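Please read the structure below before turning to the comments.
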Amino acid sequence: MSETTPQEPAPLSESEIVASRRAKLKRFRDELGFDPYGRREDGLLAIAAARARFSEEAHVAFDAASKEAKATGAVPADARAVVKVAGRIVQHRDMGKLVFLFLRDESGDLQVSVSKAAVEANAFELAKAADYGDILVAEGPIGRTNKGEVCVWATRVSLGAKSLAAPPEKWHGLSDPELRYRRRYVDMYANPETARVFAMRARIVSRIRRFMDARGFLEVETPVLQPIAGGAAARPFTTHHNALDMPLFMRIAPELYLKRCLVGGMRKVYEINRNFRNEGIDRSHNPEFTAMEVYEAFGDYGTMMELTESLIHHLACEMVEERRTAGLRVGGAGVSGGPVLPWGELDIDYSSPFVKVTFEELFRRGAGCDMRDFAAVRAKARALGLHHEAKLDDWLVVNEVFEECAEPLIDPCRPTFVTDYPSAISPLTRPHAHDPALCGRWDIFIGGMEVGPAYTELNDPDIQLAKFTEQLKGADDEESTFRTLDEDFVESLRVGMPPAGGLGIGIDRLVMLLTDSQSIRDVILFPLLKSMAPKQEGDGEGGGEGEGGGAAKSGGHA
RNA sequence: GAUUGCGUAGCUCAGUCGGUAGAGCAGCGGCCUUUUAAGCCGUAGGUCCUGGGUUCAAAUCCCAGCGCAAUCACCA
């Protein structure tokens, strides 16, 4: 935004609408004497707070007094609160010598009336000519109109910012999803629902932090720029540090650094931060997403389960309260009287206890055979049309059959922990001592989405090294360019990491569930979109590094 | 990455059988001191996503590309 001089002509490319707005800007400044870009304002009230200052008695008393005053010519007594508000114009009705407009800020909308008789001439002209989308500051007593609308009867009006852009349709708002994402700053004011979701997101994240802090977890921040991207099976973004002339990766998970924190002596740590994965985009995947990872020394996947259930139950209770206060629909009482929140067509019941089912039991129910009976499992796989089953190891077939016919059995309306996964498909998890075929891992499913896994972490450096090495062998050439053994991490395990439980929760997905959002892009302020810029010459198969064939099979955590 | 759908004025959308572009809102010029998507009179606004092709004629049919969405794959 350069400081334009009044004489500067509008660029030819600008539409008529923009040109007329520029002309108004000039008029507001040169003829009416308003700074079109405002100045500091003290004593501003949020619009919701200003509305709360409305008093029916004061309004009625003033109404009566002014009628009487009309007869006697006296000045009517006025006990109405005087408020100063600022907001974007979202409605504007010019009645001639009286202008009604609605100002909107993040807390709500409020009507302002500007009467020719009540304000300076320039302020009246400003109110009359102001455009949808302009930011206005108004001050005056708060009362009602004849139709009952709570209203600021302006005594002073000024400009906070002249908007030069064409506004969206005033009734339908901005509804094209592409425009909403690309011009989120318009979406946020045009669709109050959007702003509300992001305010709720902020409160949810803040509650998660308070919850974790109250339980004695220490929030830490570990590297996003990593020389080796580890801790998960995913393709990373690549970058480069110029001064060090060193290739770097954007992290795919903080896991290996958080575990180093346990080695260093931190008992309970967590991190809420961004991960980056160079993979597909859909309703539940954005290339950068926010995850919370938690590690608790001397805990295991059971302590993580208790923590997770308490946390999500707590958040759901808070959301029910928040939705009630906001007048939004909440579900009835859950099976044990717990909180119920709508999510699209579903009503999700967050009652404690959450459903718990072992992988093995769920497999039996879905597949109709025992998962350790590989002949039967392979027969089932063939019956399902998984033609490539012959090429897979037994346990990978088990996993495919599980995903095909057991996962759909999970009730999307009840948060469900699926526990005790086969060790063979969870290579970085600690096998159970009593049954090494199974390991200390669960995944929690809500609304049909996987919200996060937890593990009883492996802390034997020799086993860890063996598993890493095995994994590296499985990676193809392209993958191996970024699947490098993190020797320093293994070294840290040699120093000695206490036994621990670890947890990862996809914060965006949790926020989707709690805010009744159907797409991850509705809970990420500025989701990644393809550039609209014309294609550069010769940027054919762009990207180069990090491009790989199929993504890694099996492998790390989270 | 695959399949399907969509792309028309600043925004929200119509557009019939292929016949040469429509509405509402927003804008501009008027009127109006109690409006609630205010109303009334007048007026202007188009690369029909882009590029080819078929045709006397293309927003419309065909091909390719770009963008978005949904589903699938991958993943969390």
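Values in this document were obtained by computation on a predicted structure and should not be read as measured data. Side chains are part of it too, since the values below use all heavy atoms of this structure and drop only hydrogens, waters and symmetry mates.
Residue D282(A) is classed as a base contact, given a heavy-atom separation below 4.0 Å to a base. G506(A) comes within 4.0 angstrom of nothing in the nucleic acid, heavy atoms only. Within the nucleic acid shown, D109(A) has no heavy atom closer than 4.0 Å to any nucleic acid atom. When heavy atoms are screened at a 4.0 angstrom cut-off, S284(A) is found touching base atoms of the nucleic acid. I505(A) comes within 4.0 angstrom of nothing in the nucleic acid, heavy atoms only.
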Under 3.5 Å, sequence neighbours excluded: what are the donor-acceptor pairs made by side chains of residues 108-119 of chain A?
from    : atom 1 : to      : atom 2 : distance (Å)
D109(A) : OD1    : R104(A) : NE     : 2.7
D109(A) : OD2    : R104(A) : NE     : 3.4
D109(A) : OD2    : R104(A) : NH2    : 3.0
S115(A) : OG     : A117(A) : N      : 3.2

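Nucleotide G27(B) holds its C1' atom 16 Å from the CZ atom of R22(A), rounded to whole Å. Separating the CG atom of D522(A) from the P atom of C68(B) is a distance of 15 Å, rounded to the nearest angstrom. Separating the OH atom of Y132(A) from the P atom of G27(B) is a distance of 6 Å, rounded to the nearest angstrom. In this structure, CG of L174(A) is placed 16 Å from P of C68(B), rounded to the nearest angstrom. Rounded to a whole Å, the CG atom of L529(A) is 7 Å from the P atom of A69(B). Distance, R251(A) CZ to A76(B) P: 15 Å, rounded to whole Å. Rounded to whole angstrom, the span from the CD atom of Q111(A) across to the P atom of A37(B) amounts to 11 Å. Between R180(A) atom CZ and A69(B) atom P there is a gap of 11 Å when expressed in whole angstrom units.
Here E219(A) pairs with R209(A) under the salt bridge (Lys or Arg N to Asp or Glu O under 4.0 Å) rule; sequence neighbours left out. Applying the ring-ring contact (aromatic ring centres under 6.0 Å, His included) rule to F402(A) yields the partners F359(A); only residues at least two apart in sequence or on another chain are considered. Residues satisfying the side chain to side chain contact (heavy atoms under 4.5 Å, CB included) criterion with L528(A), sequence neighbours excluded, are N286(A), P287(A). For C405(A), the side chain to side chain contact (heavy atoms under 4.5 Å, CB included) partners are A367(A), K380(A), L384(A), V401(A), not counting sequence neighbours. Residues passing the ring-ring contact (aromatic ring centres under 6.0 Å, His included) test with W153(A): none are found, sequence neighbours excluded. Remark: K170(A) engages no residue in a salt bridge (Lys or Arg N to Asp or Glu O under 4.0 Å) (not counting sequence neighbours).
In this structure, S20(A) reaches the C28(B) phosphate: one of its side-chain N or O atoms is under 4.0 Å from OP1 or OP2. When the side-chain nitrogen and oxygen atoms of R283(A) are compared with OP1 and OP2 of A69(B), none of them lie within a distance under 4.0 Å. A sub-4.0 Å separation between OP1 or OP2 of A37(B) and a side-chain N or O of K170(A) is absent. Residue R182(A) places at least one side-chain N or O closer than 4.0 Å to OP1 or OP2 of C68(B). The shortest distance between the side-chain N/O atoms of R521(A) and the OP1/OP2 oxygens of A69(B) is below 4.0 Å.
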Report, one pair per line, the protein and nucleotides 21-24 of chain B atoms (nitrogen or oxygen only) whose separation is under 3.5 Å.
from   : atom 1 : to      : atom 2 : distance (Å)
G24(B) : N2     : E169(A) : OE2    : 3.2

Quick test: give all pairs of protein nitrogen or oxygen and nucleotides 43-49 of chain B nitrogen or oxygen below 3.5 Å, distance rounded to 0.1 Å.
from   : atom 1 : to     : atom 2 : distance (Å)
A44(B) : O2'    : E16(A) : OE2    : 3.4

At a cut-off of 3.5 Å, list every protein nitrogen or oxygen paired with a nitrogen or oxygen from nucleotides 29-33 of chain B, distance to 0.1 Å.
from   : atom 1 : to      : atom 2 : distance (Å)
C32(B) : N3     : D94(A)  : O      : 3.1
C32(B) : N4     : D94(A)  : O      : 3.4
U33(B) : OP1    : K97(A)  : NZ     : 3.4
U33(B) : OP2    : M95(A)  : O      : 3.4
U33(B) : OP2    : K97(A)  : N      : 3.0
U33(B) : N3     : S115(A) : OG     : 3.3

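Pair assignment for G45(B): none, as no Watson-Crick or G-U wobble contacts are both less than 3.5 Å. Summarising the base pairing, C40(B) is matched to G30(B) through a Watson-Crick or G-U wobble pair whose two defining distances lie under 3.5 Å. Nucleotide G67(B) is matched to C6(B) when pairs are restricted to Watson-Crick or G-U wobble geometry with both distances under 3.5 angstrom. Shown here, A58(B) forms no base pair; nothing in the strands shown gives a Watson-Crick or G-U wobble contact with both key distances under 3.5 Å. When Watson-Crick and G-U wobble pairs are counted only if both distances are under 3.5 Å, C17(B) pairs with no nucleotide at all.
Here side chain to side chain donor-acceptor pair (under 3.5 Å) pairs that include residues 512-524 of chain A, with residues two or more places apart or in two chains, are Y181(A)-D522(A), T515(A)-S517(A). Screening residues 51-70 of chain A for side chain to side chain donor-acceptor pair (under 3.5 Å) gives E56(A)-R144(A) as the qualifying pairs, with residues at least two apart or on separate chains.
The listed nucleotides are U34(B), C11(B), C68(B); the one nearest the side chain of T145(A) is U34(B). Of all nucleotides listed (G67(B), U34(B), C13(B)), C13(B) comes nearest to the side chain of S175(A). For R277(A), whose side chain is taken as the heavy atoms from C-beta onward, the closest listed nucleotide among A76(B), A37(B), A69(B) is A76(B). Relative to the side chain of L179(A), the nucleotides A76(B), U12(B), G27(B) differ in distance, and U12(B) lies closest.
Scanning all heavy atoms of the two residues, the minimum distance from E271(A) to P254(A) falls at OE1-CB, 3.7 Å.
Here the side chains of Y132(A) and Q91(A) are in contact, with some heavy-atom distance below 4.5 Å.
Not a single donor-acceptor contact under 3.5 angstrom links the side-chain atoms of Q91(A) to the base of U36(B).
R251(A) and T222(A) share a donor-acceptor pair across their side chains, judged by distance under 3.5 Å alone. Side-chain atoms of R441(A) and S426(A) form a donor-acceptor pair, as typed in the model, at a separation below 3.5 Å.
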Would W343(A) and M449(A) count as a side-chain contact (heavy atoms from CB on, under 4.5 Å) here? Give the steps.
CA-CA 12 Å; W343(A) 192 60; M449(A) 272 193 301; 3.8 Å; yes
